[in-house]
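In listed order, ligands and their atoms are each counted from 1.
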Amino acid sequence: MAKISILGFGTIGQGLAEVIAQNAEVVRRQCGEPIEIAHVLDLREFPDHPLGGLVTHDFNDVLNDPEVSVVVEMMGGSHPAYDFSLAALKAGKNVVTSNKEVVANFGPELLAEAKKKGLRYLFEASVGGGIPIIRAMTSSLAGNEIVEVNGILNGTTNYILTEMKEKGRTMQEALATAQELGYAERDPSADIDGLDAARKICILNALAFGVMIPVDRVDVTGIRDMSLDEILDAEKSGQTVKLIAHAGKKADGSPDLWVRPTRLDKSSPLASVSGVFNAILVRGRSLGDVMFYGAGAGSLPTASAVLADVIDIVRCGDKQPAQQQWRRADA
Ligand code: HSE
C-alpha cells in the first residue's frame, strides 16, 4: 500500500480523489499495489466529502508521517506551495504537482533538491492538463534536438476565442461561461492576460533547452482586448485567431519566448484546435513536427496526469531515476 498526501483540495485535488477511486483496479495493476490517500491538507473542512475525515490544517501531520512517500501539491500560488514542496523533499518525500506557477518560479531549485535526495519532483499536469507532454519531452523526444515549440496552452482563452468565433459572443460573455465551467484560474486575468500560458511556455522552454527563463522576460499579449470584429475579420480572410505560446531561439541563439494572439491559416494543425482543448506542436531536428492534443484543463483530465506521476513514483519504489536539471537564465 502506497500512501500519499494531498495538499489543496480544490478542483484538481478532489478530481485526484475521484480518479484514484474510479481507477482502483488500474492503479493496482500499474503499481502492483493500491494507492491510499493518508491526508488532505486544506484550510477548509469537507464534512460531506467521503475523504472529509482525512482533512488536516497542519502540514506537520504530512511531514511527520513516515509512511507517506508522495506529497501531491495542488494548492496553486507560489507560497506556501513552494515552501511545502521543498520541505517535503527535504523530509525524504517525492513531490508531484499540477502547479505551473511553482514549477516556472522554482523548478530549478526543486529539481536540484530532489536530485540531492534521490527523489523525484514530477509536474506532468502543470502544462496541457491531461496531455502527456512533459513525459514525452523528457523521455520520448530525448533523442532529438528541439528546434521550437508552439502551443495553445490555455484552455480558457481557447474556449473564449472559439465561443467568439462560433457564437458571436463578446470576450466578457464567453469568459463568464468559462468561469462557470471551472476552466478559468481563480483570478481570470492570469488566463486572459496570457500569464498562465507564459508560465507554461517557460516550463516547455526549460524542458527543450535546459534553461528556466523568468516569466517576466516572456513577451506577452493576452486576449483581454480582443474584439469580436478582429475574430470575424480573420475568419473572412480564411484565418483563425489563436493565443499561441512560442519557445525557440533567435538568429543570434538567444531565447525567443512569446505569447500572443496570432492569425493562423486554416491549414495550420493548431487552427482546428477548439474549445477547452490544448495542443502543442514540437519541432525536433531529427523527428520534424509532432503534435500533442487533448483536454488542457478540467478536474478529471488534469487529475489523471497527476495520478500518472504518482503511479510512476510508486512503481519505481526506492530506485527513482534521476531527472533533467535546469539552470536559471543569467540575469
Ligand atoms: N486556467 C487554465 C487553462 C487551467 O484554462 O488552461 C489549466 O492550467
Side-chain angles (χ1 to χ4, degrees), residues 8 10-16 19 72-78 81 96-105 107 122-135 137 149-164 171-207 215 218 220 222-224 226 241-246 259-261 270 273-281 292-309:
T11 312
I12 306 172
Q14 293 186 34
L16 179 62
V19 291
V72 188
E73 185 273 299
M74 297 166 287
M75 305 177 79
S78 282
V96 170
T97 188
S98 59
N99 188 335
K100 55 244 160 186
E101 186 173 331
V102 169
V103 182
N105 287 340
L122 296 184
F123 42 90
E124 181 64 69
S126 65
V127 180
I131 303 173
I133 180 63
I134 306 288
R135 198 160 272 102
M137 287 189 71
V149 180
N150 289 287
I152 294 171
L153 299 181
N154 184 267
T156 302
T157 47
N158 203 48
Y159 175 86
I160 291 170
L161 292 172
T162 306
E163 288 284 292
M164 291 174 79
M171 205 288 295
Q172 288 299 343
E173 287 167 348
L175 171 62
T177 317
Q179 283 175 307
E180 276 164 30
L181 293 170
Y183 300 144
E185 296 297 307
R186 255 182 309 189
D187 173 2
S189 57
D191 293 302
I192 61 175
D193 292 332
L195 176 61
D196 178 74
R199 288 181 176 131
K200 292 169 177 167
I201 200 66
C202 284
I203 296 170
L204 296 184
N205 181 77
L207 288 165
V215 177
V218 182
V220 182
I223 65 158
R224 184 182 287 274
M226 182 60 63
V241 178
K242 293 289 177 192
L243 186 67
I244 298 296
H246 169 88
V259 174
R260 67 178 75 118
L270 293 173
V273 175
S274 295
V276 75
F277 283 89
N278 282 191
I280 302 124
L281 193 57
F292 300 85
Y293 168 86
S299 174
L300 297 186
T302 308
S304 74
V306 172
L307 178 56
D309 279 346

- Locate the shortest heavy-atom distance separating Thr177 from Tyr159; write the atom from each residue and the value.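 Shortest heavy-atom contact: CG2-OH, 3.2 Å.
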- Gly129 near ligand 1, heavy-atom distance under 4.0 Å? no
Distance under 4.0 Å to a non-hydrogen atom of [X]: what atoms of ligand 1 satisfy this?
X: Asn154; value: 2 (C), 3 (C), 5 (O), 6 (O)
X: Lys100; value: 4 (C), 7 (C), 8 (O)
X: Asp191; value: 1 (N), 2 (C), 3 (C), 5 (O)

- Message: By the definition side-chain contact (heavy atoms from CB on, under 4.5 Å), identify the one residue from Ile223, Thr157, Asn150, Thr162 that meets it with Lys242.
- Response: Thr162
Which residue and heavy atom of the protein sit nearest [atom], plus the separation:
atom: atom 5 (O) of ligand 1; result: Thr156 OG1, 2.6 Å
atom: atom 6 (O) of ligand 1; result: Gly155 N, 2.7 Å
atom: atom 1 (N) of ligand 1; result: Glu185 OE2, 2.6 Å

- Side-chain heavy-atom pair Asp309, Val306 within 4.5 angstrom cut-off: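 Answer no - side chains too far apart.
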- Query: Is there a side-chain contact between Lys100 and Cys202 (heavy atoms, below 4.5 Å)?
  - Reply: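 No; the side chains remain at least 4.5 Å from each other.
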- If you measure from each non-hydrogen atom of Thr157 to ligand 1, which part falls under 4.0 Å: side chain, backbone, both or neither? neither
- For ligand 1, is there an N or O atom under 3.5 Å from any N or O atom of Asn278? no
- Item | Atom pair CD (Gln172) and CE (Met164), whose distance is rounded to the nearest 0.5 Å |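 One finds 9.5 Å between CD of Gln172 and CE of Met164.
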- CG of Leu153 to CD1 of Ile201, rounded to nearest 0.5 Å, is 5.0 Å
